[in-house]
Participant: 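First the structure, then my questions, so here it is.
Reckoned from all heavy atoms, side chains included, excluding hydrogens, waters and symmetry mates. Positions are given from 1, in the same order as the sequence printed here.
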Amino acid sequence: MWFGPMGTALRWRNRAPLPSLRFFSQLHSRSSFGIAFDIDGVILRGRVPIGGSPRALRRMYRDSGELKFPFLFLTNGGGIPESIRASELSELLGVKILPSQVVQGHSPFKNLLKRFENELIIALGKGEPALVMSEYGFKKVLSLDEYASYFKNIDPVSQYKNWTTEKIFYREGNSKDLLPRYDVLSDSVKAAFVVSDPVDWGRDIQVLCDVLRSGGLPGQGSGPQPPLYFAADDLEYQAAFPSERLGMGAFRIALESIFNRIHHNGLEYTSFGKPSPFVFRNAEAILRLLQPSCHDGYFMDKGNKGTNSFKTLYMIGDNPLVDIRGAVQAGHPWFSILTRTGVFKGKENHAKFPADLVVDTVEEAVDYILKKECSS
């Protein structure tokens with residue numbers, strides 16, 4: 001777990017979603033290693049596979065289509081449910097990806113369900129942030145788009161924007177009047193979640209400042225700041241454009257800078273995503289569930305209290321400050337591999353956060369791993 005300057009400490013239980021056991025039931029030998037793949041800049045650039053990623057991933061399966069070695073995708077991206085992302089990856093890469101193999105930046109938000117399940121919360125970012133939170137079980141969640149639409153003039157330049165947000169209403173009893181789903185004009189927001197990269201930075205910063213410094217109800221004076229959570233803190237990431245794009249970390253810096261200038265207390269927030277050690281511990285727990293023999297107990301280490309341990313876990317990423325730094329901080333059994341297909345393009349290793357291995361592509365990384373692990 002890591003925090004902003006005045007972040008509130010939270011403790012988490014390493015709980016991972018169970019994979020489809022039927023899919024793995026015919027795997028015959030326990031793997032002593034596992035792999036975590038970053039997506040943007042390693043597997044895909046935009047929606048285009050790069051670095052021989054389809055060929056590399058096919059080597060993780062048997063000819064029958066059953067998984068041969070445990071692996072997952074560990075990304076700070078998101079904005080759509082893990083089930084939809086798994087389907088998209090399956091189509092783009094030509095292999096069967098399960099939702100349990102997709103760990104996104106906002107995946108840990110589900111651990112906050114007990115605290116905010118029946119509270120009004122707002123979610124923002126590209127994609128379907130409210131749908132993501134609803135699928136995690138949150139009962140009263142609104143996208144910031146919808147929430148802002150109920151407050152007239154909250155965005156002073158909205159008339160210059162060529163897109164609109166549809167309000168979602170419901171009918172109360174036999175009334176002909178259409179009403180918002182929640183009483184947003186009197187019910188204060190209990191938490192704000194930045195699920196994915198925000199689209200309308202100006203509007204989003206304005207509304208978040210209104211919500212956070214008012215105690216959860218814009219235009220109603222001041223009050224204690226509601227909790228604020230970021231799914232990740234990447235300053236930059238590799239997308240389809242040749243040079244890096246500003247990420248959620250850049251948005252957080254902009255919000256924090258403005259909030260701290262207009263409010264007497266500094267912004268309090270909690271950030272998730274790589275390079276947080278929690279993310280790597282959680283990935284290890286999920287990879288254990290993907291191990292071929294993790295349910296028969298035969299290969300369990302006697303001194304490990306019933307859990308299967310890995311000899312090596314490989315993190316394949318393109319961002320030294322996020323992927324490599326995170327693997328190094330996580331320590332044993334993580335082994336970091338840096339590709340040159342994304343943020344990092346240097347000839348030599350990264351100076352500040354050097355990887356254990358530098359390769360040109362993910363296909364080269366997988367080739368190295370399988371030669372090392374499968375040679376007898």
Participant: Could you state the interatomic distance from SG (Cys374) to CD1 (Ile369), rounded to the nearest 0.5 Å?
Facilitator: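 So the gap between those two atoms works out to 10.0 Å.
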
Participant: Is it the case that Lys190 and Ser188 place a side-chain donor and acceptor less than 3.5 Å from each other?
Facilitator: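 Lys190 vs Ser188: donor-acceptor pair found between side chains.
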
Participant: Mark yes or no: Lys372 above the aromatic ring of Tyr314, with NZ or CZ under 6.0 Å from the six-membered ring centre and no more than 45 degrees from the axis.
Facilitator: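 Geometry flag: not set, cation outside 6.0 Å or 45°.
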
Participant: CZ/Arg58 to CG/Asp63 distance, rounded to the nearest 0.5 angstrom?
Facilitator: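 Those atoms lie 11.5 Å apart.
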
Participant: Is there a donor-acceptor contact under 3.5 Å from the side chain of Thr341 to the main chain of Gly41?
Facilitator: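 Confirmed, Thr341 side chain pairs with Gly41 backbone.
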
Participant: For residues His332 and Lys311, report the shortest heavy-atom separation together with the two atoms involved.
Facilitator: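 Distance-wise, the nearest heavy atoms are CE1-O, 3.8 Å.
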
Participant: Is the backbone of Gly223 close enough, under 3.5 Å, to the side chain of Gln220 for a donor and an acceptor to pair up by distance?
Facilitator: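 No, Gln220 side chain to Gly223 backbone: no donor-acceptor pair under 3.5 Å.
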
Participant: Any idea how Phe138 and Phe193 line up, ring-wise: parallel (<30°), tilted (30 to 60°), or perpendicular (>60°)?
Facilitator: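 Tilted.
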
Participant: Please determine whether the number of non-hydrogen atoms from other residues, nucleotides or ligands lying under 6.0 Å from atom NZ of Lys345 exceeds 12.
Facilitator: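 Correct, the count exceeds 12.
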
Participant: Start with the C-alpha distance between His106 and Tyr229, add both sets of side-chain angles, then the distance that settles side chain to side chain donor-acceptor pair (under 3.5 Å), and finish with yes or no.
Facilitator: CA-CA 9 Å; His106 49 68; Tyr229 302 97; over 6 Å; no

Participant: Quick one: closest heavy-atom pair of Ile121 and Val189, and the distance?
Facilitator: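 Residues Ile121 and Val189, closest heavy atoms: CA-CG1, 4.4 Å.
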
Participant: Can you establish whether the number of heavy atoms outside Glu244 located under 6.0 Å from its atom CD is more than 12?
Facilitator: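 Yes - once you tally the heavy atoms of other residues, nucleotides and ligands closer than 6.0 Å, there are more than 12.
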
Participant: How about Tyr237 and Asp318: do any of their side-chain heavy atoms sit closer than 4.5 Å?
Facilitator: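 Heavy-atom side-chain distance check fails, nothing below 4.5 Å.
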
Participant: Would a line drawn from the ring center of Tyr269 to the ring center of Phe230 be shorter than 6.0 Å?
Facilitator: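 So the answer is yes for these two rings.
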
Participant: Given Phe251 and Asp204, is the side-chain contact (heavy atoms from CB on, under 4.5 Å) satisfied, shown in steps?
Facilitator: CA-CA 10 Å; Phe251 176 81; Asp204 293 353; 4.1 Å; yes

Participant: Could you go through Leu144 and Leu208, starting from their C-alpha distance and side-chain angles, then the distance that decides it, and tell me whether this counts as side-chain contact (heavy atoms from CB on, under 4.5 Å)?
Facilitator: CA-CA 9 Å; Leu144 190 140; Leu208 282 176; 4.2 Å; yes

Participant: Output yes when a side-chain donor or acceptor of Ser196 lies under 3.5 Å from a complementary backbone atom of Lys126, and no otherwise.
Facilitator: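 It does hold such a pair.
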
Participant: So which heavy atom on Ser143 is nearest to which on Ala130, and how close?
Facilitator: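 Closest heavy-atom pair between Ser143 and Ala130: N-CB, 3.7 Å.
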
Participant: Do NZ/NE/NH1/NH2 and the carboxylate oxygens of Asp187 and Lys140 come within less than 4.0 Å?
Facilitator: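 Looking at Lys140 together with Asp187, the answer is yes, because their closest N to O distance falls below 4.0 Å.
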
Participant: Suppose clustering is done on Ile, Leu, Val, Met, Phe, Trp and Tyr with side-chain heavy atoms closer than 4.5 Å. Which residues sit in the same group as Val157?
Facilitator: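 Tyr160, which link up through side-chain heavy atoms under 4.5 Å apart, make up the rest of the cluster.
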
Participant: Check whether any side-chain N or O of Asn76 sits under 3.5 Å from a backbone N or O of Lys274 as a donor-acceptor pair, and report yes or no.
Facilitator: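 Checking the backbone N and O of Lys274 against the side chain of Asn76, a donor-acceptor pair under 3.5 Å is found.
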
Participant: Would you compute the distance between atom CG of Leu124 and atom CE of Met133 and round it to the nearest 0.5 angstrom?
Facilitator: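 Leu124 atom CG to Met133 atom CE measures 10.5 Å (nearest 0.5 Å).
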
Participant: Take Phe310 and Leu287, measure what side-chain contact (heavy atoms from CB on, under 4.5 Å) needs, and give me the verdict at the end.
Facilitator: CA-CA 9 Å; Phe310 288 98; Leu287 285 167; 3.8 Å; yes

Participant: So, for Val132 and Pro81, which heavy atoms are closest and what is the spacing to 0.1 Å?
Facilitator: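 Heavy-atom minimum between the residues: CG2-N, 3.7 Å.
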
Participant: Test of understanding: with salt bridge (Lys or Arg N to Asp or Glu O under 4.0 Å), list the residues that count as partners of Glu91, not counting sequence neighbours.
Facilitator: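 Partners of Glu91 by the salt bridge (Lys or Arg N to Asp or Glu O under 4.0 Å) criterion come out as none, since no residue qualifies.
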
Participant: Any non-hydrogen side-chain atom of Ile35 less than 4.5 Å from a side-chain atom of Phe335?
Facilitator: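 Side chain of Ile35 against side chain of Phe335, heavy atoms only: no contact under 4.5 Å found.
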
Participant: With sequence neighbours left out, write down each residue that passes side-chain contact (heavy atoms from CB on, under 4.5 Å) with Ile97, or none if nothing qualifies.
Facilitator: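 Per chain and number, Ile97 pairs via side-chain contact (heavy atoms from CB on, under 4.5 Å) with Tyr61, Phe71, Phe73, Ala86, Leu89, Ser90, Val95, Gln101, Val102.
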
Participant: Go through the steps for Arg213 and Gln225 under the test side chain to side chain donor-acceptor pair (under 3.5 Å), then give the verdict.
Facilitator: CA-CA 6 Å; Arg213 64 177 174 168; Gln225 183 201 310; over 6 Å; no

Participant: List the atom of Gly247, the atom of Trp201, and the distance in Å for their closest heavy-atom pair.
Facilitator: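 Looking at all heavy atoms of both residues, the closest pair is O-CZ2, 4.2 Å.
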
Participant: Ignoring hydrogens and angles, tell me if any N or O in the side chain of Asp197 forms a donor-acceptor pair with the backbone of Met248 under 3.5 Å.
Facilitator: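 Yes.
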
Participant: Minimum heavy-atom separation for Val211 to Ser214, with atom names?
Facilitator: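 So the two residues come closest at O-OG, 3.2 Å.
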
Participant: Begin from the C-alpha positions of Thr339 and Phe344 and carry the test side-chain contact (heavy atoms from CB on, under 4.5 Å) through to its verdict.
Facilitator: CA-CA 7 Å; Thr339 69; Phe344 179 78; over 6 Å; no

Participant: So do Cys209 and Ile262 actually touch side chain to side chain, heavy atoms under 4.5 Å?
Facilitator: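 They are in side-chain contact.
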
Participant: Check side-chain contact (heavy atoms from CB on, under 4.5 Å) between Val48 and all other residues, then give those that pass, not counting sequence neighbours.
Facilitator: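 side-chain contact (heavy atoms from CB on, under 4.5 Å) check on Val48 returns nothing, list empty.
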
Participant: Would a distance-only check, ignoring hydrogens and angles, find a side-chain to backbone donor-acceptor pair under 3.5 Å from Arg252 to Ala232?
Facilitator: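 Judged by distance alone, no pair lies under 3.5 Å.
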
Participant: Tell me if the CZ atom of Arg340 is crowded by more than 12 foreign heavy atoms within 6.0 Å.
Facilitator: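 Yes.
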
Participant: Which residues pass the side-chain hydrogen bond (donor to acceptor under 3.5 Å, both in side chains) test with Glu135, sequence neighbours left out?
Facilitator: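 Counting only residues at least two positions away or on another chain, Glu135 forms no side-chain hydrogen bond (donor to acceptor under 3.5 Å, both in side chains).
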
Participant: CG of Asp200 to CD of Gln206: how many Å apart, nearest 0.5 Å?
Facilitator: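 Here the interatomic distance stands at 11.0 Å.
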
Participant: Is there a donor-acceptor pair closer than 3.5 Å between any side-chain N or O of Thr75 and the backbone N or O of Asp38?
Facilitator: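 Between the backbone of Asp38 and the side chain of Thr75 there is no qualifying donor-acceptor contact (under 3.5 Å).
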
Participant: With a 4.5 Å limit on heavy-atom distance, are the side chains of Val207 and Asp155 in contact?
Facilitator: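 No, every pair of side-chain atoms sits at 4.5 Å or beyond.
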
Participant: Does the side chain of Glu373 reach to within under 4.5 Å of the side chain of Phe69, using non-hydrogen atoms?
Facilitator: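 With C-beta onward as the side chain, the pair stays apart.
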
Participant: For the pair Asn349 (side chain) and Ala355 (backbone), establish whether a donor and an acceptor sit closer than 3.5 Å, ignoring hydrogens and angles.
Facilitator: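 Side chain of Asn349 to backbone of Ala355, a donor-acceptor pair under 3.5 Å: yes, one is there.
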
Participant: Calculate, to the nearest 0.5 Å, the distance between atoms OH and OH belonging to Tyr147 and Tyr182 respectively.
Facilitator: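 Answer rounded to 0.5 Å: 13.5 Å.
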
Participant: Is any side-chain heavy atom of Pro227 closer than 4.5 Å to one of Phe116?
Facilitator: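 A side-chain contact under 4.5 Å exists here.
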
Participant: Look at the side chain of Ser336 and the backbone N and O of Ile324, then say whether any donor-acceptor pair between them is shorter than 3.5 Å.
Facilitator: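 Here the side-chain-to-backbone pair does not exist.
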
Participant: Taking it one step at a time, do Ser107 and Glu82 satisfy side chain to side chain donor-acceptor pair (under 3.5 Å)?
Facilitator: CA-CA 8 Å; Ser107 296; Glu82 286 77 5; 2.7 Å; yes

Participant: Would you indicate whether Gln159, at its atom CD, is surrounded by more than 12 heavy atoms from other residues, nucleotides or ligands within a distance under 6.0 Å?
Facilitator: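 For Gln159, atom CD is crowded (more than 12 foreign heavy atoms under 6.0 Å).
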
Participant: Is there side-chain contact between Val184 and Glu146, with at least one heavy-atom pair below 4.5 Å?
Facilitator: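 No - every pair of side-chain heavy atoms lies 4.5 Å or more apart.
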
Participant: First locate atom OG of Ser186, then atom CG of Asp183, and finally report the distance between them rounded to the nearest 0.5 Å.
Facilitator: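 Between atom OG of Ser186 and atom CG of Asp183 there are 3.0 Å.
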
Participant: Do Tyr150 and Leu217 share a hydrophobic cluster, counting only Ile, Leu, Val, Met, Phe, Trp and Tyr and linking them when any side-chain heavy atoms are less than 4.5 Å apart?
Facilitator: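 Tyr150 and Leu217: separate clusters.
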
Participant: Partners of Lys152 by salt bridge (Lys or Arg N to Asp or Glu O under 4.0 Å), sequence neighbours excluded?
Facilitator: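 Lys152: no salt bridge (Lys or Arg N to Asp or Glu O under 4.0 Å) contacts found.
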
Participant: Could you tell me whether a side-chain N or O of Ser257 sits under 3.5 Å from a main-chain N or O of Ile253, the two making a donor and an acceptor?
Facilitator: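 No; judged by distance alone, with no hydrogens or angles, the pair does not exist.
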
Participant: Determine whether Leu74 and Phe37 make a side-chain contact, defined as any pair of heavy atoms from C-beta on separated by less than 4.5 Å.
Facilitator: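 No, side chains not in contact.
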
Participant: Flag yes if Leu370 and Tyr368 sit in one hydrophobic cluster, no otherwise; membership is Ile, Leu, Val, Met, Phe, Trp, Tyr, and two members link when side-chain heavy atoms are under 4.5 Å apart.
Facilitator: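 Yes: a chain of side-chain contacts under 4.5 Å links Leu370 to Tyr368.
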
